[in-house]
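Below you'll find the structure, written out as structure tokens, and then a few comments.
We name chains A, B, ... by the order of the sequence lines, and we start the count at 1 in each one.
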There are 2 protein chains.
Amino acid sequence: MNKAERQTKSDRTRAAIIAAAQAVFAAHGYERATVRDIAVRAAIDPAMIIRYFGSKDELFTRLAVFDLKLPDLSAVDSNQIGEALVRHFLSQWEDGANSGLTILLRSAASNEYAAEKLRAVFVEQVMPGIASVGGRAGAAERAGLVSSQLLGLALCRYVLKLPPLVTMHRESIIKQVGKTIQRYVTGR
Amino acid sequence: MNKAERQTKSDRTRAAIIAAAQAVFAAHGYERATVRDIAVRAAIDPAMIIRYFGSKDELFTRLAVFDLKLPDLSAVDSNQIGEALVRHFLSQWEDGANSGLTILLRSAASNEYAAEKLRAVFVEQVMPGIASVGGRAGAAERAGLVSSQLLGLALCRYVLKLPPLVTMHRESIIKQVGKTIQRYVTGR
DNA sequence: TGGAGAAGTCAACGTGTGTTGATTTTAATA
DNA sequence: TATTAAAATCAACACACGTTGACTTCTCCA
């Protein structure tokens, strides 16, 4: 075995910790998630988490990241941008239900670090994307409105689990909310 | 002094505890708010909080209530329902910045009791209001969409404090988001 | 004014938390 | 197989939390 392969054991527990931490942080948010919960789920000792990641904070920091992976909107048919954005957003969410965005949204309301991270996602990813369509004029406000609708949708459907939004079919949401986003993005 | 007035002393600390608790719960959410924080802010002993309210949970329960005070929507010009709803919602929010809705929204993402309370607000207050306009057909879904936009707006403007939404003028928001709500409520 | 009940103070308890250091076990090399 | 470093275990720490009960102070009426 060469050196790279030899580390496979510790890599595995490292991965187990990350997977468990993602699930627990996503389910309960930062404050309510405990190192011991994560350890149980990963079937390891709580001390290992500190050993591998330094502290609960550092582990959270490592997982509280999110890449929207916005496509090039200037390449999309400009009448379809709204629906395309909602569709993309829903996919991003459902693909990685335990991933960054869930963790951030669950924690941001009571955790300033997570809130700041979410604001950064807005400034670095949403803003530029919106500005690339319909020009820079009023892009910040348009991006803000877009975010309010998309985050609100995620909050209600995935976090609060408001019955009608949970039940509602993906395509209905895309059609309805798509119209809203379309108007926000293009200014009608 | 009669009996009612004699209790004025304890009523005052009772009120101080409530005010302090509203502020702390609204600022940090249930998990992060501590009995000791509330006590410091109310300038009283932590033990008094337990003495007066039984437990942190009971105090929270007492404050985690919200009355949307929706006006009779069937009396509003049906072309103005969207704007009227947003205006009403913003007023409700800004009037009592430390009150029920803030507390609920700050806590609901990581506190199942608060989430349940928010769902109850939806079922008991938003749903009936929306159903009273445009009929019962699809009322649940329409109400869900309305909630996603309004809660998303509150989340971004008051909790996450996304810069453009914080800066944006009240009337611009009412105009822009009003159109969205109008379409959701009336089904276009 | 003295006594009784309310209001407030104080120190401490038990519990759950993140974290640490010493120790034991495991696994790869010589 | 013996050796050595990595990996995992364990018990315990320090701290913050909600909560309790005994005690003191205040306040008002007889």
Nearest-Å distance for atom pair CD1/P, residues A/I44 and C/dT19: 14 Å
- prompt: Contact class for A/A33 vs. all strands (heavy atom < 4.0 Å): base, sugar-phosphate, or nothing?
  reply: sugar-phosphate
- prompt: According to a strict under-4.0 Å criterion, is B/S55 in side-chain N/O contact with OP1 or OP2 of D/dG18?
  reply: no
query: Over how many whole Å does the gap from A/R12 atom CZ to C/dT26 atom C1' extend?
result: 13 Å
- request: Among the candidates C/dG8, D/dC17, D/dA8, find the nucleotide nearest to the side-chain atoms of B/M48.
  value: C/dG8
task: Look at the side chain of B/R36 and decide which nucleotide, out of D/dA8, C/dG18, D/dT19, has an atom nearest to it.
output: D/dT19
Candidates D/dC10, D/dT19, C/dT19 - which lies nearest the side chain of A/A47: D/dC10
message: Does A/R170, at its CZ atom, have more than 12 non-hydrogen atoms belonging to other residues, nucleotides or ligands within less than 6.0 Å?
response: yes
- prompt: Between B/K56 (NZ) and D/dT19 (P), how many Å, whole number?
  reply: 8 Å
Spacing between B/R32 atom CZ and D/dG18 atom P, to the nearest angstrom: 13 Å
- request: Give a yes/no on whether any side-chain N or O of B/T13 is located under 4.0 angstrom from OP1 or OP2 of C/dA7.
  value: no
query: Counting only side-chain N and O atoms of B/S10, is one of them less than 4.0 Å from OP1 or OP2 of C/dA7?
result: yes
- line: Considering only heavy side-chain atoms of B/I50, the closest of D/dT19, D/dA8, C/dG18 is D/dT19
query: Taking NE2 from A/H28 and P from C/dT17, how many angstroms apart are they, rounded to a whole number?
result: 12 Å
- prompt: Choosing from C/dT19, D/dG18, C/dT17, which nucleotide comes nearest the side chain of A/T34?
  reply: C/dT17
- prompt: When all nucleic acid strands are considered with a 4.0 Å heavy-atom cut-off, which category describes A/Y52: base, sugar-phosphate, or nothing?
  reply: sugar-phosphate
- prompt: Atom CD1 of B/I17 and atom C1' of C/dG8: how far apart are they, to the nearest Å?
  reply: 11 Å
- request: Whole angstrom is fine here: how far is it from CG in B/D45 over to C1' in C/dA12?
  value: 13 Å
message: Please give me the minimum heavy-atom distance between B/A33 and B/H28, naming the atom from each residue.
response: N-CB, 4.2 Å
field: B/R14 CZ - C/dG8 P separation (whole Å)
entry: 11 Å
message: For the backbone of A/S172 and the side chain of A/K175, can you confirm whether one donor and one acceptor N or O come within less than 3.5 Å of each other?
response: no
Aromatic ring pairing A/Y30/A/F60, orientation class (parallel under 30°, perpendicular over 60°, tilted between): perpendicular
- prompt: Nearest nucleotide by nearest heavy atom, which residue falls closer to the 5' end of DNA chain D, B/R51 or B/E31?
  reply: B/E31
query: So which heavy atom on B/A139 is nearest to which on B/G135, and how close?
result: CB-O, 3.9 Å
